[in-house]
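Have a look at the structure below, then the notes.
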Amino acid sequence: MSFLSKIRCAFTLGQGLLIENRALQATDDPIAFFKAWLKEAEKSGIILPESMSVSSSTTAGRPSSRMVLLKEVDEKGFVFFTNYNSRKAEELEANPFAALLFHWNMLQRQVRIEGRIERISEQESADYFHSRGRGSQIGAWASHQSELLEDRNILVERVKMFEDKFKGKEIPLPEFWGGYRVIPERIEFWQGKADRLHDRFIYQPKDGNWDITRLNP
Ligand SMILES: Cc1cc2nc3c(=O)[nH]c(=O)nc-3n(C[C@H](O)[C@H](O)[C@H](O)COP(=O)(O)O)c2cc1C
């Protein structure tokens, strides 16, 4: 994307007034399509284009959302990592459905993903955990994510405690930490266009293929 296009996009955010009237090309494979959009978001200079909102819901139907980082995407689904004792995990274990949301404002694009959620294998989680920096690995051990923290010093002390405990050793994968995969049952690609006449394409699995429909903006 040229510098001029970026400026144009920034000035017309949400309007699509001046950006080139790029048609959303529907393809058969929404995963390849998603990867192409993510790559374009990276290339356009968006910071953390892989950040996404994850919404979960209690069994009583009360939703909650937070940002996480997408770490893998393939035909099996969309993977992120977190603490299995966190609030999101508690909700996702009780009601294993999630909604993901990406918004790449510079490109006037939004992707919505909905589906069932499952834990990835312990081996996959361990592989990713060990690819992270040592500080992040210690952080995962030290944080009782979503629990009350009376004083930040308690967290700092726990970090020191785990640093001592694992000094000179490989840090094991905490049993309370790992990945979740959202298996898509619906993926929507949204491309902002002039005069609010945006493009929306919905992909839903059907008989081993993807059914593609278009919605009014
Ligand atoms: C850009 C961004 C990326 C984040 N990535 C993650 C992540 O990959 N995993 C995670 O557990 N929390 C991540 N967080 C923190 C979460 O938004 C959230 O605060 C945390 O997971 C606790 O949420 P919960 O109490 O609803 O479970 C991220 C926050 C931001 C702003």
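Quantities reported herein were computed from a predicted structural model and do not represent experimental measurements. Counting starts at 1 for both ligands and their atoms, in listed order.
For S64 and R62, the side-chain atoms include no donor-acceptor pair closer than 3.5 Å. Under the 3.5 Å distance criterion, with hydrogens and angles disregarded, no donor-acceptor pair is assigned to the side chains of Q137 and R132. At a cut-off of 3.5 Å, with distance as the only test, no side-chain donor of S57 or E91 sits close to an acceptor on the other residue.
If you take CH2 on W177 and OG1 on T82, they are separated by 8.0 Å, rounding to the nearest 0.5 Å. Rounding to the nearest 0.5 Å gives a distance of 11.0 Å between CZ of F97 and CG of L92.
At a heavy-atom distance under 4.0 Å, no atom of K71 approaches ligand 1. Under 4.0 Å from ligand 1, not a single heavy atom of F80 appears.
Geometric assessment of R109 against the ring of W37 yields a positive cation-pi assignment under the 6.0 Å and 45° thresholds. Taking the ring centre of Y84 as origin, the terminal cationic atom of R119 falls inside the region bounded by 6.0 Å and 45° from the ring axis.
Listed by atom number, the atoms of ligand 1 under 4.0 Å from K88 heavy atoms are 11 (O), 20 (C), 21 (O), 22 (C), 23 (O), 24 (P), 26 (O), 27 (O). Interface of R87 with ligand 1, defined as ligand atoms under 4.0 Å from a residue heavy atom, comprises 24 (P), 25 (O), 26 (O), 27 (O). Close approach of ligand 1 to F81 (heavy-atom distance below 4.0 Å) involves ligand atoms 7 (C), 8 (O), 9 (N), 10 (C), 11 (O).
The protein heavy-atom contact nearest to atom 5 (N) of ligand 1 is V68 CA, 3.2 Å. Atom 16 (C) of ligand 1 has M67 O, 3.1 Å as its closest protein atom, hydrogens excluded (heavy atom only). In terms of protein heavy atoms, atom 8 (O) of ligand 1 is closest to L69 N, 3.1 Å. In this structure, the protein non-hydrogen atom closest to atom 12 (N) of ligand 1 is Q145 NE2, 3.9 Å. Ranking protein heavy atoms by distance to atom 11 (O) of ligand 1, first place goes to T82 OG1, 2.6 Å. The nearest protein atom to atom 26 (O) of ligand 1, hydrogens excluded, is given as R66 NE, 2.8 Å; this is a heavy-atom distance.
With respect to E124 and R181, a salt bridge is recorded, a charged nitrogen being found less than 4.0 Å from a carboxylate O.
Protein heavy atoms are absent from the 4.0 Å sphere centred on atom 19 (O) of ligand 1.
F34 and W104 have tilted rings, their planes meeting at an angle from 30° to 60° on a 0 to 90° scale.
Polar contact with ligand 1: present for S146 (N/O pair, distance under 3.5 Å).
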